[in-house]
Structure formats: C-alpha cells, structure tokens
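What follows is a single structure, written as structure tokens, with notes after it.
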Amino acid sequence: MALLDARGTFFEPARTAFPGADEADWARAALLDPGAAGPGGAWRLDFRCFAVARPGGRWVLVDAGVGPADGPAAGWAPVPGRLPTALAEAGIDPADVETVVLTHLHEDHAGWTSGPGGEPFFPAARHVVQRAEVAALDRADPVREWTVAPLRARGQLHEVDGMHRLAQGLTLLPTPGHTPGHQSVLVEQGPAGRDVLITGDALVHAVQLGNPAVPYSHERDRPTARASREHLLSRAARHGALLATSHLTRAFVEPPAPEEPGRRAAEAASDPAR
Ligand SMILES: [Zn+2]
C-alpha cells in the first residue's frame, strides 16, 4: 500500500538534478511520469512510504517520510508531512507497525521516526537499517540526533549487513550508491499477486527509469548507484515485479524490458488501451 507523505517541488530544476540526460531521455521520462514536469523545468516529486500487511494485523513500513514541521527535512522538503493522516485513512495504528525499514538515512526518509515532540512515532517498531549506512553518517548530520541516537537508546535500532531476510516474503536488498548503505525491499506475494520491488532512492526520477545510466546530482557514488539501479531494474523485469517508488508521481510503475531499457515501459504508458 502506497502512503503519500508529501508532494512538492525540488530545490533544483530537473536538468540540474539529472546532468547528462539527453532530449530522448527527457521525452521518455515525460511519457513514464508526466506529473514530474513542473513549470519552467521544475521537478515535481512525491515523498512516499509503503506499508506491507503482516499476519495478525501488524505492518511493515518502508521509509518514514519528510516528518513533522520541526523535523530534519524542514530545510528543503515540504513539511509537515501528512503520514499520520495517511496511516489513519488506511486504518493503520502506528502501534501496530512492527518494523520500519529505512532504505537510507536521508532526512526525507527518516522524518517520522520521531513525532512532533521528539518521541518515537512508532513506539513498538524495530527500525531496520544497513550498518554501513549508519557508519557513513556524518557526525553533524541532523538524522543522527533525530533518528539514530534516540532509537538506539531505546533499543529500537536494528542494524543489518547486506542482503537480509526480514520475514516470509520480505527481503532487504543492498543497493548502494545513492548513499553507502542504501537498501531496497523485495516483497514476494506468491500466488496472491505480483512481486513488488520497493526501490527507495536507487531510482528517484522517471528519467532514470527510461535510462538507468542517467546520474542524479546528489548520489554519493555515481558509478555504484548506476550499477545498483541497473541491477535492480533488470531483476524486476526478469521476475515480473512492479516497482514501487518514493519520488515519482506514480507510486507503482513497470520496469523497462531488460533488453532495451525504457522502451516497453514508455510504450505502455503512452498506449491508451492499457
Ligand atoms: Zn529521497
């Protein structure tokens, strides 16, 4: 289930944020995610979390949004987020969230680890993050104070290394590059439905869906990010998995066909019969 926390405009124009994309890449992106193109070249983006139902009325939440008005994302992201309302609308009590997976420790993904008063917003949840991600966090990074320190103090921070089986049908896949310990989440639904790959920020704009070689200006390590993105997209295509994205204005998108990235998805998006 997709939960929209916020919707906004990025602080850089799209063509600054994605250097190296050519006209064909932008044309493809416009078909894949028309909502991302704002006036004057602005990049319009969503800030989204995903909830996965677990047995017994429990939930796994993937990412924790931009957070409240006084959260660490307040300097650039559209705070306050509306995740508390989105959860209520979906019938999800924060106390029933057993696990929060943090794909990475950027401000716009860790905002609701704390509520407006600084207390843990998900009181019973373990928060699962890659150990390499915590280790790479700058000492002055506000997420250290906001997320890592309070969760660690309460025994709610759970650091893992590499690929990790979280639960039946839920696997954490390391996808480094955007940040050193970035991870994505594979949701296997078996006969009940299609598998879903929750990308996190391995993919932040449709221009990288049409052409995974296009870098994002705020990736920590561009070659590694590109390799992770290509690997993730080809894995999704091979297994027939849908992609679930944080920042596209469409929550779920088809992966591009493996032999020709971008083509099939672009055609599907532009075909009125589908
Ligand atoms: Zn992000």
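All ligand and atom numbering here is 1-based and tracks the order in the structure.
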Start with the C-alpha distance between R144 and D141, add both sets of side-chain angles, then the distance that settles salt bridge (Lys or Arg N to Asp or Glu O under 4.0 Å), and finish with yes or no.
CA-CA 6 Å; R144 186 174 283 284; D141 195 305; over 6 Å; no
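The atom of D108 nearest to the Zn ion (ligand 1) is OD2, with the search restricted to N, O or S atoms.
For the pair OD2 of D201 and NE2 of H247, the angle at the Zn ion (ligand 1) is about 110°; rounding is to 10 degrees.
Residue H109: an N/O/S atom is found under 2.8 Å from the Zn ion (ligand 1).
A side-chain hydrogen bond (donor to acceptor under 3.5 Å, both in side chains) with D63 is found for exactly one of H104, R48, H109, H106, namely H109.
Between F47 and H247, the ring centre distance stays below 6.0 Å.
Residues L232 and L203 have side chains not in contact (no heavy-atom distance under 4.5 Å, counting atoms from C-beta outward).
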